[in-house]
*Asks:* 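Structure incoming, see below.
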Amino acid sequence: MSSCVKTPVHSPIRYAIFDLDGVITDTAKFHYLAWKRLADEIGVPFDEDVNERLRGVDRLASLRIVLERSPRTYSAEEQQALAERKNGYYRELIQTITPADLLPGIPELLQALRERGIPMALASASKNAPDVITRLGISGWFSAVVDAAKITRGKPDPEIFLAAAKLLDAPPQQCVVVEDAQAGIDAAKRAGMRAVAVNWRGRLEGADASSQGTQGLTVDMLLGT
Ligand code: BG6
Ligand code: MG
């Protein structure tokens with residue numbers, strides 16, 4: 001894993017906010033399978049490249065991206081029904097999640113941050129986030145959890161990270177966000193926070209530090225020290 005750290009811009013960092021999907025655990029594979037099943041049923045081409053565009057994007061906005069290749073249009077009610085159908089498929093798949101599904105390096109990183117006394121929050125575009133972190137056995141690690149059900153505007157709007165900071169009682173400039181989506185990096189910067197990218201495909205831009213995967217994440221990288 002390669003990584004790079006740019007000059008710190010928002011030190012001292014005293015709080016950490018984590019995205020869930022693609023940072024704590026790899027749910028992208030389940031989202032892929034669920035969207036693929038739906039797309040096959042309605043005759044829409046769907047592949048890994050389209051799935052990559054769905055990282056960090058909320059459910060209905062994701063559906064609109066999936067439907068870009070649809071031969072027909074869908075009413076708002078039909079879109080709602082399609083999104084719910086996909087979510088049913090996704091929920092079947094996440095029943096298999098266990099603590100073994102934490103991404104490499106994440107348990108050690110959370111432990112190290114706790115030992116440094118860094119309060120942590122989770123900020124996820126997924127309405128399934130509370131269920132997923134329960135299955136991962138990590139609910140107790142976070143002082144606050146903000147999911148899509150608690151906000152009105154999705155990433156790249158900064159609302160979700162500002163809400164997490166508020167729950168932590170933290171000034172935004174003392175927060176670091178760990179993200180695997182461009183929309184999430186953009187949201188963190190718009191919130192005035194330090195942004196660390198989990199850059200699985202090497203395409204993310206604008207972060208203060210970057211790691212090719214979760215294994216390369218370190219406390220120093222997060223804190224900018
Ligand atoms: C994000 C994922 O965390 O949550 C997206 O990166 C997903 O791919 C979004 O579409 C919404 O998830 P859910 O569970 O509310 O459908
Ligand atoms: Mg993500």
Side-chain angles (χ1 to χ4, degrees), residues 16-39 46-68 79-97 101-103 106 109 121-136 138 142 145-161 163-164 176-189 193 195-201 203-204 206-207 210-214 217:
I17 303 173
F18 285 85
D19 173 47
L20 175 66
D21 296 322
V23 170
I24 300 281
T25 189
D26 179 21
T27 42
K29 62 188 177 200
F30 298 135
H31 282 297
Y32 172 80
L33 291 170
W35 283 123
K36 177 78 178 138
R37 184 170 166 189
L38 179 77
F46 182 74
D47 56 28
E48 295 275 5
D49 284 339
V50 179
N51 197 54
E52 278 304 305
R53 291 174 58 203
L54 309 183
R55 281 187 192 265
V57 178
D58 70 34
R59 195 180 306 161
L60 270 175
S62 293
L63 176 69
R64 285 194 281 274
I65 292 172
V66 173
L67 292 180
E68 281 173 6
Q79 289 185 27
Q80 196 65 44
L82 290 175
E84 278 169 28
R85 202 199 302 178
K86 179 266 174 179
N87 192 49
Y89 300 155
Y90 180 69
R91 290 195 57 78
E92 277 175 30
L93 293 164
I94 63 174
Q95 305 305 313
T96 62
I97 291 178
D101 291 305
L102 288 166
L103 279 163
I106 291 297
L109 181 68
L122 194 91
S124 172
S126 171
K127 290 182 177 165
N128 291 297
D131 196 15
V132 170
I133 60 170
T134 299
R135 290 180 182 284
L136 290 168
I138 56 167
F142 299 102
V145 176
V146 185
D147 63 58
K150 299 196 181 107
I151 53 155
T152 54
R153 296 178 299 278
K155 303 168 186 176
D157 190 284
E159 182 185 6
I160 194 164
F161 294 132
V176 60
V177 169
V178 188
E179 258 292 351
D180 71 315
Q182 189 62 53
I185 300 289
D186 296 344
K189 295 315 296 176
M193 299 176 181
V196 172
V198 178
N199 213 344
W200 293 111
R201 300 230 166 174
R203 293 184 191 155
L204 301 181
S210 173
S211 170
Q212 195 185 318
T214 50
L217 293 170

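Sequence positions, counted from 1, serve as the residue numbers for this chain. We count ligands from 1, going down the list as the structure has it; atoms in each ligand are counted the same way.
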*Asks:* Looking at S124 and D19, what are the two nearest heavy atoms and their distance?
*Replies:* CA-OD1, 4.3 Å
*Asks:* When you compare the side chain of I151 with that of D157, does any pair of heavy atoms fall below 4.5 Å?
*Replies:* no
*Asks:* Determine, for R135 against D131, whether the closest basic-nitrogen to carboxylate-oxygen distance falls under 4.0 angstrom.
*Replies:* yes
*Asks:* At what distance is the nearest protein heavy atom to atom 11 (C) of ligand 1, and which residue and atom is it?
*Replies:* A125 O, 3.5 Å
*Asks:* Hey, is ligand 1 close enough to Y90 that some N/O pair sits below 3.5 Å?
*Replies:* no
*Asks:* Any N/O/S atom from D180 (main chain or side chain) under 2.8 Å of the Mg ion (ligand 2)?
*Replies:* yes
*Asks:* Is any side-chain heavy atom of I97 closer than 4.5 Å to a side-chain heavy atom of F30?
*Replies:* yes
*Asks:* Check whether E159 reaches the backbone of T152 with its side chain - one donor and one acceptor, N or O, closer than 3.5 Å.
*Replies:* yes
*Asks:* Based purely on interatomic distance, does S126 place a nitrogen or oxygen under 3.5 Å from a nitrogen or oxygen of ligand 1?
*Replies:* yes
*Asks:* Heavy atoms, side chains only, cut-off 4.5 Å: are I133 and F18 in contact?
*Replies:* no
*Asks:* Does a side-chain N-to-carboxylate-O contact under 4.0 Å join R203 and E52?
*Replies:* no
*Asks:* Of all the atoms in ligand 1, which lie at a distance below 4.0 Å from a heavy atom belonging to N128?
*Replies:* 13 (P), 14 (O)
*Asks:* I need the nearest protein heavy-atom contact for atom 2 (C) of ligand 1: residue, atom name and distance, please.
*Replies:* D21 OD2, 3.5 Å
*Asks:* What part of K127, side chain from CB on, backbone N/CA/C/O, both or neither, has a heavy atom under 4.0 Å from ligand 1?
*Replies:* both
*Asks:* Students should be able to answer this: which protein heavy-atom is nearest to atom 6 (O) of ligand 1, and at what distance?
*Replies:* G56 N, 2.8 Å
*Asks:* Could you identify the single nearest non-hydrogen protein atom to atom 5 (C) of ligand 1 and state the distance to 0.1 Å?
*Replies:* L54 O, 3.2 Å
*Asks:* May I have the angle between D19 OD2 and D21 O with its vertex at the Mg ion (ligand 2), rounded to 10°?
*Replies:* 90°
*Asks:* Heavy-atom contact check, 4.0 Å cutoff: does A148 meet ligand 1?
*Replies:* no
*Asks:* Which residue holds the protein heavy atom closest to atom 10 (O) of ligand 1, what is that atom called, and what is the gap in Å?
*Replies:* V57 O, 2.8 Å
*Asks:* With heavy-atom distances below 4.0 Å as the criterion, list the atoms of ligand 1 near H31.
*Replies:* 7 (C), 8 (O), 12 (O), 14 (O)
*Asks:* Without swapping roles, check the side chain of K86 against the backbone of R59 for a donor-acceptor pair under 3.5 Å.
*Replies:* no
*Asks:* Against ligand 1, does L20 come closer than 4.0 Å with any heavy atom?
*Replies:* no
*Asks:* Can you confirm whether L82 sits close enough to V66 that some side-chain heavy atom of one is under 4.5 Å from a side-chain heavy atom of the other?
*Replies:* no
*Asks:* Determine the interplanar angle of the H31 and Y90 rings, folded into 0 to 90°, and report it as parallel if under 30°, tilted if 30 to 60°, perpendicular if over 60°.
*Replies:* parallel
*Asks:* Closer than 4.0 Å to some heavy atom of R55 - which atoms of ligand 1 meet that?
*Replies:* 6 (O)
*Asks:* Looking only at protein heavy atoms, which one is nearest to atom 16 (O) of ligand 1, and how far off is it?
*Replies:* R59 NE, 2.7 Å
